[in-house]
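First comes the structure, then the notes that go with it.
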Amino acid sequence: MNLINKHTLFPIDLFEFNRELNNQELINKLYSLKQLNNQGVTSNSNGGWQSERNFYTFPELQILNNIIKDLIQDIFQSNCRILNMWGSIYSKGDFNNIHNHPSLQYTNNPLWSGVYYLKTFPNSGAFHVHSNNNITDKVTFYPKENDLFLFNSSTYHSVDPNTEDGDRICIAFNLQLI
């Protein structure tokens, strides 16, 4: 069993986990989707490319889906249903503004969000978790490849611009505890 680190921030629970997968297979899948008629979404305000939200349905994602479900079982002693999942490719200069993923507008709702990092570099963008009471208060993480972060969907978060020449590649998801 790999170590799960729990960070209680502001008080927001964030779970950090590192699990090595065949990232190259997933990276290749994302690049192929991006090249296939540029399938996906490009953000004009912050750059970056995102796949469609049904990424969890691809066979290449079965191992990651199982890891997420096992992680949820270990943390919450509960099952989960993955609601959506998408891959993201962030080139030099691309970033993510402060945002959250709330479907229910209260803290500690049964919806959780996460991100798994496939490819990172030292300066490919710090990940910030912001206080829901004052978004200027934040805790910063420097994700490494194979890091998975899990947090309540109402949690505000952002990512600094990628200042590296290589792409930062990750998979984000939303799930519901059942």
Side-chain angles (χ1 to χ4, degrees), residues 7 9 12 14-58 60-61 64-65 67-68 82-103 111-132 134-175:
H7 305 274
L9 317 168
I12 294 169
L14 177 132
F15 298 91
E16 179 184 5
F17 180 74
N18 188 284
R19 178 70 184 270
E20 206 166 313
L21 296 176
N22 180 357
N23 289 348
Q24 194 57 53
E25 181 182 27
L26 298 173
I27 290 168
N28 292 344
K29 182 67 176 179
L30 283 170
Y31 278 124
S32 71
L33 288 173
K34 184 179 179 186
Q35 291 173 357
L36 181 67
N37 300 323
N38 206 19
Q39 196 176 35
V41 178
T42 301
S43 170
N44 291 330
S45 64
N46 57 0
W49 173 89
Q50 294 181 347
S51 72
E52 299 291 338
R53 299 292 195 250
N54 66 343
F55 197 54
Y56 66 97
T57 63
F58 290 92
E60 296 88 345
L61 271 293
L64 180 59
N65 292 344
I67 288 171
I68 291 168
I82 296 175
L83 302 173
N84 49 44
M85 179 181 284
W86 60 98
S88 300
I89 300 173
Y90 296 96
S91 299
K92 190 171 190 174
D94 297 342
F95 62 97
N96 247 341
N97 288 316
I98 294 175
H99 66 286
N100 64 2
H101 305 193
S103 292
L111 302 178
W112 288 77
S113 298
V115 60
Y116 175 73
Y117 285 87
L118 298 168
K119 185 176 177 185
T120 64
F121 298 96
N123 296 308
S124 60
F127 172 65
H128 305 286
V129 175
H130 301 264
S131 167
N132 286 354
N134 179 353
I135 60 172
T136 61
D137 291 340
K138 63 185 177 185
V139 174
T140 300
F141 296 87
Y142 298 92
K144 300 177 300 305
E145 291 176 10
N146 306 307
D147 279 351
L148 189 150
F149 294 92
L150 180 70
F151 44 90
N152 188 271
S153 67
S154 66
T155 303
Y156 285 94
H157 53 285
S158 63
V159 182
D160 285 343
N162 178 2
T163 60
E164 296 278 354
D165 290 327
D167 294 335
R168 177 181 70 243
I169 304 175
C170 57
I171 296 172
F173 56 90
N174 294 308
L175 59 84

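These numbers were taken from a predicted model, which means no experiment stands behind them.
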* To do: For side chain to side chain donor-acceptor pair (under 3.5 Å), just list the numbers for Asn23 and Tyr116, CA-CA rounded to whole Å, side-chain angles, deciding distance to a tenth of an Å, and then say yes or no.
  => CA-CA 10 Å; Asn23 289 348; Tyr116 175 73; 2.9 Å; yes

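Separating the CZ atom in Phe127 from the CG atom in Leu14 is a distance of 6.0 Å, to the nearest 0.5 Å. We find the CD1-CG distance between Ile169 and Leu118 to be 6.5 Å, quoted to the nearest 0.5 Å. Taking CG from Leu83 and CZ from Arg53, the interatomic distance works out to 12.5 Å, rounded to the nearest 0.5 Å. Remark: Phe55 CZ to Ile82 CD1 distance equals 12.0 Å, nearest 0.5 Å. The CD atom of Glu16 sits 11.5 Å away from the CG atom of Leu150 when rounded to the nearest 0.5 Å. Residue Lys138 holds its NZ atom at 7.5 Å from CD1 of Ile98, rounded to the nearest 0.5 Å.
Proximity of Ile27 to Lys119: side-chain heavy atoms (C-beta onward) are separated by under 4.5 Å at one or more points. Side-chain atoms of Val159 and Phe95, non-hydrogen and from C-beta on, never get closer than 4.5 Å to each other. Within the 4.5 Å cutoff, side-chain heavy atoms of Leu21 are placed close to those of Leu64. Counting only heavy atoms from C-beta outward, the side chains of Thr140 and Val129 never approach each other to under 4.5 Å. Using a 4.5 Å heavy-atom threshold, the side chains of Asp94 and Asn46 count as separate. Contact check for Ile68 versus Met85: side-chain heavy atoms found under the 4.5 Å cut-off. Side-chain atoms of Tyr31 and Leu36, non-hydrogen and from C-beta on, never get closer than 4.5 Å to each other.
Without hydrogens or angle criteria, Asn162 side chain to Tyr90 main chain gives a donor-acceptor distance under 3.5 Å. Distance alone, capped at 3.5 Å, places no donor-acceptor pair between the Ser88 side chain and the Gln50 backbone.
Other residues, nucleotides and ligands contribute more than 12 heavy atoms inside 6.0 Å of the CZ atom of Phe151.
Partners of Glu25 by salt bridge (Lys or Arg N to Asp or Glu O under 4.0 Å), not counting sequence neighbours: none found.
Taking the six-membered ring wherever Trp is involved, the centroid distance between the rings of Phe149 and Phe15 does not fall below 6.0 Å.
For the residue pair Ser158/His128, the side-chain donor-acceptor check at 3.5 Å is not satisfied. Side-chain atoms of Asn174 and Ser113 form a donor-acceptor pair, as typed in the model, at a separation below 3.5 Å. Side chains of His157 and His99: a donor-acceptor N/O pair is present below 3.5 angstrom, by distance only. Between the side chains of Asn54 and Asn84, no donor-acceptor pair of N or O atoms lies under 3.5 Å. Side-chain atoms of Tyr117 and Asn18 form no donor-acceptor pair, as typed in the model, at a separation below 3.5 Å.
Applying the salt bridge (charged side-chain N to carboxylate O under 4.0 Å, His left out) test to pairs two or more places apart or on separate chains, those with a residue in residues 155-171 are Lys92-Asp165. Counting only residues at least two apart or on different chains, the salt bridge (charged side-chain N to carboxylate O under 4.0 Å, His left out) pairs with a member in residues 146-157 are Lys144-Asp147.
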